[in-house]
Number of protein chains: 2
Amino acid sequence: MTVAVIGSLQRMGRWAPDARGRLQQAAMELYTERGYDRTTTADIAERAGLSERTYFRHFADKREVLFDSTGRLEQLVVAGVRDAPADAAPLTAVAAGLDDGAQLLDSFGDDARARAAVVGGHPELAERELAKLSAMARAVGEVLRERGVPDPAAALTAEAGVAVFRVAFEQWAVAPGRPPFPAVLTAALAELRTAVAGG
Amino acid sequence: MTVAVIGSLQRMGRWAPDARGRLQQAAMELYTERGYDRTTTADIAERAGLSERTYFRHFADKREVLFDSTGRLEQLVVAGVRDAPADAAPLTAVAAGLDDGAQLLDSFGDDARARAAVVGGHPELAERELAKLSAMARAVGEVLRERGVPDPAAALTAEAGVAVFRVAFEQWAVAPGRPPFPAVLTAALAELRTAVAGG
DNA sequence: CACCGCCATGACAGTCGCTGTCATCGGTAG
DNA sequence: CTACCGATGACAGCGACTGTCATGGCGGTG
């Protein structure tokens, strides 16, 4: 059926549109159906109606195909921190940015949770996710520096904030009843404040 | 000259001793001399006087050869957290464990800094380091749970503590005059407390 | 209308990371 | 002495990833 869709769309031009999106969808399907390590990049390309070579023109490696959303997440969070009130305390500004990110992930709903299950199920993918979140922390730290926060406070606040985000996300991804992610995040941040103050 | 050493030692048995250590040393040398991506696993094995196949019997992939020390670090930190006074607050217990780890890294001195430079210079290696530290955070969180700390406080305290460790390490790795790492770590932890309290 | 250059894609060959499998042979236990 | 053990080598093979060249609709230009 995927083939049929591609066939009908092909009339619109030389190539079926949205090759990148088709690759992402094919990858999610295959990683879910067979598992990450029993899926080859050639499999993904074939299901998307493309050659393996073209896969690598769109994504740097076998893992990147799952991490487009992470890039948008980082942009959103960074913008949120930058746009926080100038007089907001560093951690408060970070919390504002992360809250924007939490709303985005929440809007993805079950898709975000399905993706989290796949990523969490394979070490290579989990590793890449950590790298993406680390990049987000660096970016947030840089924005804090632009806001006048000196080091190492900027780096520490950014890393702590992203750590809270990660813990809250892992909690939310497996929580029953799909609670709103922003609420989970806010609660986690409050927990951190208590833990650091009390310890 | 490496060959000469191996030759003389070979008389002590069928194989030169400490194949694993030779592989680690060869890898550090080559990654430093030529860079990570211009070194093949066959190169490493050859310099260590072994076959490529044997390399993969000692290390799971091309990256792991640099991360033996991280395993020992985790064991030490976990033990330190476990052995902290039972009435110590969670973050205080974590700080005690991390301080043990800081002393270990400090004792490695310039070797630790050289290794950090190599790891920091290559995305694949940096990614693996993040994964190792994440594993350490999980292990620390587990110990906190054993100490009676409930979730999500356990996970959050562990992640925040390891985040402080990471920031302090990056700072220390490039700091002039080689300050003692435990002191850098303690200062970073104090900074975090201030940042969280103030924000 | 005829031409042309653009560019996403396909095709193909090659390198390297990593694995499965079998053979080798000193050391060690019995 | 023999029989086994265990670290290693040798070799074949798969899959991730790259460099390079060819293809052919599409849009603009004369």
Side-chain angles (χ1 to χ4, degrees), chain A residues 2-3 6-27 30-31 33-68 122-128 131, chain B residues 2-3 6-27 30-31 34-68 118 122-128 131:
Chain A
T2 302
V3 175
I6 294 172
S8 68
L9 291 174
Q10 239 163 359
R11 292 177 200 152
M12 293 180 172
R14 182 175 182 185
W15 296 290
D18 196 22
R20 191 180 176 88
R22 269 153 45 216
L23 286 166
Q24 291 171 329
Q25 182 178 344
L30 288 167
Y31 290 171
E33 291 171 16
R34 311 183 191 168
Y36 174 78
D37 34 11
R38 293 207 290 188
T39 302
T40 70
T41 53
D43 292 335
I44 299 170
E46 185 187 355
R47 182 167 295 199
L50 295 165
S51 71
E52 187 183 13
R53 190 66 185 83
T54 295
Y55 171 93
F56 285 105
R57 289 197 179 96
H58 285 277
F59 301 103
D61 58 41
K62 192 183 171 184
R63 296 159 278 290
E64 276 296 305
V65 67
L66 287 187
F67 292 91
D68 245 20
H122 304 276
E124 286 187 15
L125 295 172
E127 206 169 300
R128 178 60 51 83
Chain B
T2 302
V3 175
I6 294 173
S8 68
L9 292 174
Q10 239 164 359
R11 293 176 198 155
M12 294 179 170
R14 183 175 181 184
W15 297 290
D18 195 22
R20 192 179 175 87
R22 269 153 45 215
L23 286 166
Q24 291 171 328
Q25 182 177 346
L30 286 167
Y31 290 169
R34 310 183 192 167
Y36 174 78
D37 35 9
R38 293 208 290 189
T39 302
T40 70
T41 52
D43 291 336
I44 299 170
E46 186 188 353
R47 182 167 296 198
L50 295 165
S51 72
E52 187 183 14
R53 190 66 186 85
T54 296
Y55 172 94
F56 286 105
R57 289 196 179 96
H58 285 276
F59 300 103
D61 59 40
K62 191 183 171 183
R63 295 159 279 289
E64 277 295 306
V65 67
L66 288 186
F67 291 91
D68 245 21
V118 171
H122 304 276
E124 287 187 16
L125 295 172
E127 204 168 300
R128 179 58 53 83

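Just the heavy atoms: all of them, side chains too, but no hydrogens, waters or symmetry mates, feed the values below. Letters A, B, ... mirror the listed sequences (proteins, then strands); counts begin at 1.
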B:His58 side-chain N/O to D:dT8 phosphate OP1/OP2 under 4.0 Å | yes

Side chain to side chain contact (heavy atoms under 4.5 Å, CB included) filter on A:Asp43, not counting sequence neighbours, yields A:Leu30, A:Arg34, A:Thr39, A:Thr40

Could you run through nucleotides 11-23 of chain D and give me one letter per nucleotide, 5' to 3': B if any protein heavy atom sits under 4.0 Å from the base, S if only the sugar-phosphate is that close, - if neither?
-> B----SBBBB--B

Does the pair A:Tyr55 and A:Leu50 meet the rule for a side-chain contact (heavy atoms from CB on, under 4.5 Å), with working shown?
-> CA-CA 7 Å; A:Tyr55 171 93; A:Leu50 295 165; over 6 Å; no

Listed partners of B:Gln24 passing side-chain hydrogen bond (donor to acceptor under 3.5 Å, both in side chains), at least two apart = B:Asp68

Not counting sequence neighbours, which residues clear side chain to side chain contact (heavy atoms under 4.5 Å, CB included) with B:Tyr36? List them please.
-> B:Tyr31, B:Lys62, B:Arg63, B:His122, B:Glu124, B:Leu125

Could you check how far CD of A:Glu46 sits from P of C:dG10, rounded to whole Å?
-> 12 Å

Using whole Å, report how far CG of B:Leu23 lies from P of C:dG17.
-> 14 Å

To the nearest Å, how far apart are B:Arg38 CZ and C:dG17 P?
-> 14 Å

Below 4.0 angstrom from OP1 or OP2 of D:dG9, is there any side-chain N or O of B:Thr54?
-> yes

Sequence neighbours excluded, which residues qualify as side-chain hydrogen bond (donor to acceptor under 3.5 Å, both in side chains) partners of A:Asp37?
-> none

List for me each residue that meets side chain to side chain contact (heavy atoms under 4.5 Å, CB included) alongside A:Glu46, sequence neighbours excluded, and say none if there are none.
-> none

